[in-house]
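A short write-up of the structure that comes next.
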Amino acid sequence: MPTYLSLSDSSRWVALDESHARAMLERRGVANPQLALLPAAQRVEVVESGDNLRELVWECRRRGRTTGLVPTMGALHAGHLSLVETCLARNELAIATIFVNPTQFGPNEDLDRYPRTLDADLTALEAAGAAYCFVPSVDEMYPAGCTTAVAPPEVARRWEGECRPGHFAGVATIVLKLFHLAPTDDAYFGLKDYQQLLVIRHMARDLNVPITIHSCETVREPDGLALSSRNRYLSEGERQTALAVPSCLLAAQEAWTAGERDSRRLSNCMETTLREGGVSDIDYAVVVDAQTLEPLEDVGELRSAVAIVAARVGATRLIDNRVLSNPSTNADAD
Ligand code: PAF
């Protein structure tokens, strides 16, 4: 049961308990907060209509309150909640969205069985301190006759773009629609979906979206597996085998640190690690330019390279990545 706390300046945070609240506030630089219990009736407010969402964000803007957007497809885990936390470190109000976007799923993908856990998601968002959660219906986002879509930028062409035709058109379209409905100051996306992040950055730049895009580090299990809503599809045995995915990134990192700059050898090293770990259904396991995602013979001249991987463990498709450079030259630095 979350504890509700307020500050003397009437800002409001929701936390799991008082020590969690104090730690959150400390991270945000609030010294000696005057905490007071609020009635337990305060919950994250669910918004279902796009018009209401837009009005609400504009009202926040009129009152001079900064807002941040955290788009998700639900089935939330600690990775999503870290986006909310990063958002609240910069913005007064975090607005999450939960929408399993049909246009980014291919005909043989997992749209129907994609996990939908709205009640648990709202509890988690509340604990993380999100003020609002936009939960539209498919009809709200794609009313009958809605046929316009965003043509994704060049950086969408390879890798996920090749393996999942139409995926990035669906992502770019829904994210642009969310940006129009929620004209927040900032928006937050995870580095776990590295190519998606680049696609959204390029789309926002190319289409003059006045929202600052921020990236947040991938959150991992202690054994290295990146958190993903799809991890829940894995059986216990598959969960073990899935560790080959972060291991192949580590292998690339180690080879890179040892001075290897031949992208083919780096990619081979990733593939060998995957196969040795029992993963043979590999869509790609490559080291490419971190800015353009173009493959290169020799990555020695690059400011930064990124190891990217997509592979199936059983029926579950996992993706992950690791930037092979000094983080200060990272393509995704804010
Ligand atoms: O990363 C996701 O969860 C989705 O692709 C996003 C950005 C919410 C768009 O549907």
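Just the heavy atoms: all of them, side chains too, but no hydrogens, waters or symmetry mates, feed the values below. As the structure is a computational prediction, the values presented were derived from the model and not from experiment. Order of listing sets the numbers, starting from 1, for every ligand and every atom in it.
Less than 4.0 angstrom separates some heavy atom of T72 from each of these atoms of ligand 1: 8 (C). Near I174, meaning under 4.0 Å from any of its heavy atoms, are these atoms of ligand 1: 9 (C), 10 (O).
Relative to atom 10 (O) of ligand 1, the option among Q104, H80, M73 with the closest non-hydrogen atom is Q104.
Considering every non-hydrogen atom in both L191 and S215, the closest pair reads CG-CB, 4.0 Å.
With 3.5 Å as the limit, one finds no donor-acceptor pair spanning the side chains of E271 and S267.
At the shortest separation from atom 1 (O) of ligand 1 among protein heavy atoms lies Q196 NE2, 2.8 Å.
Between D283 and R164, no side-chain nitrogen of the basic residue sits less than 4.0 Å from a carboxylate oxygen of the acidic one, so the salt-bridge criterion is not met.
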Checking M141 against N101 for the side-chain contact (heavy atoms from CB on, under 4.5 Å) test, could you report, in this order, the C-alpha distance in whole Å, the side-chain angles of both residues, the deciding distance, and whether it holds?
CA-CA 9 Å; M141 294 313 289; N101 174 34; over 6 Å; no

